[in-house]
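Just below is one structure, and these are the notes that go with it.
Please read these numbers as outputs of a predicted model, since none were measured by experiment.
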Amino acid sequence: MTNTTTITTRGILFYGSTRESGLNELTEHLRERGIEQLALRRAPAVSALLRLSALHEVAEAVDGLLQLDLGGITVAGWRRYERLRSAAIRTHSGGSEQVELFEHEITQTYCPRLDVTIDGNRVGELNLELCVALLLQPLTATVRDGLLVALGPGDCTITVSITVPELGPIMERKRTLHVATLVDLRRPIPLVYRQPAAPTSPIGRTQRYSPATRGVSEQRRS
């Protein structure tokens, strides 16, 4: 059985809730932490209406960050997992291997900044931390022709947290799912990508936001 619905960080934080209900809960957590005061700290004069508006705008912005595909984060971590990478390289030209994965954790932290403006003037900013931690229990992965094609039974405990460094934790939720529910294997997944050929002439550089990532760790069970 494989996943037919993308599971996101929002799904972990607000499991079973509508978007409106989840947004209302997030807004309340932000209000309890006084987020609107921090967001408007440089504003010369702030009315109650403006504070309320800022609170809702920040909540909407944070909610917009919660579309992270947890299956995609899992696969990205596995592409750095040496046992899987090695199996993918060995079978790239043909063949199949079963790889025993020990208990391991994949963590990824995003650190966006939200700028708050009034009439085009910046009056504050918010630094956020969105952390995703996936603790995977031992399971077997099948690699064929360099592709991940099957996963044996195994569970994954997912922890999603939102923090504002200047205020502390905002929300944290944890949920356990079957790995086969988390990772969509309706199509085989490449584990190793070949580097594209370098361009013959430079065409400019593009800078892209890259979140902080805290690797993949593996633990054997004795």
Partner set under side chain to side chain contact (heavy atoms under 4.5 Å, CB included) for [X], not counting sequence neighbours:
X: A88; value: V143, L191, V192
X: T8; value: T6, R10, Q67
X: V75; value: R79, V183, I189

Qualifying residues under side-chain hydrogen bond (donor to acceptor under 3.5 Å, both in side chains), relative to [X], sequence neighbours excluded:
X: E25; value: R173
X: S53; value: none
X: R19; value: E60, D63
X: R41; value: E125, E166

Tabulate below the donor-acceptor pairs under 3.5 Å that side-chain atoms of residues 149-160 make, not counting sequence neighbours, or state none.
unit_1, atom_1, unit_2, atom_2, d
D155, OD1, H178, ND1, 2.8
T157, OG1, T176, OG1, 3.1

ILVMFWY clustering at 4.5 Å (side-chain atoms), partners of L49: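 Via sub-4.5 Å side-chain contacts, L49 links to none.
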Cluster companions of L23 among Ile, Leu, Val, Met, Phe, Trp, Tyr (side-chain spacing under 4.5 Å):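 For L23, no cluster forms, as it stays isolated from other hydrophobic side chains.
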How are the rings of W78 and H104 set to each other: parallel, tilted or perpendicular (split at 30° and 60°)?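 The rings of W78 and H104 sit tilted, inter-plane angle from 30° to 60°.
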What is the minimum heavy-atom distance between A54 and L40, and which atoms define it?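 The answer is CB-CD1, 3.7 Å.
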E28: salt bridge (charged side-chain N to carboxylate O under 4.0 Å, His left out) partners, not counting sequence neighbours: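 Per chain and number, E28 pairs via salt bridge (charged side-chain N to carboxylate O under 4.0 Å, His left out) with R31.
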Salt bridge (charged side-chain N to carboxylate O under 4.0 Å, His left out) with R113: which residues, sequence neighbours excluded?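 Counting only residues at least two positions away or on another chain, R113 forms a salt bridge (charged side-chain N to carboxylate O under 4.0 Å, His left out) with D115.
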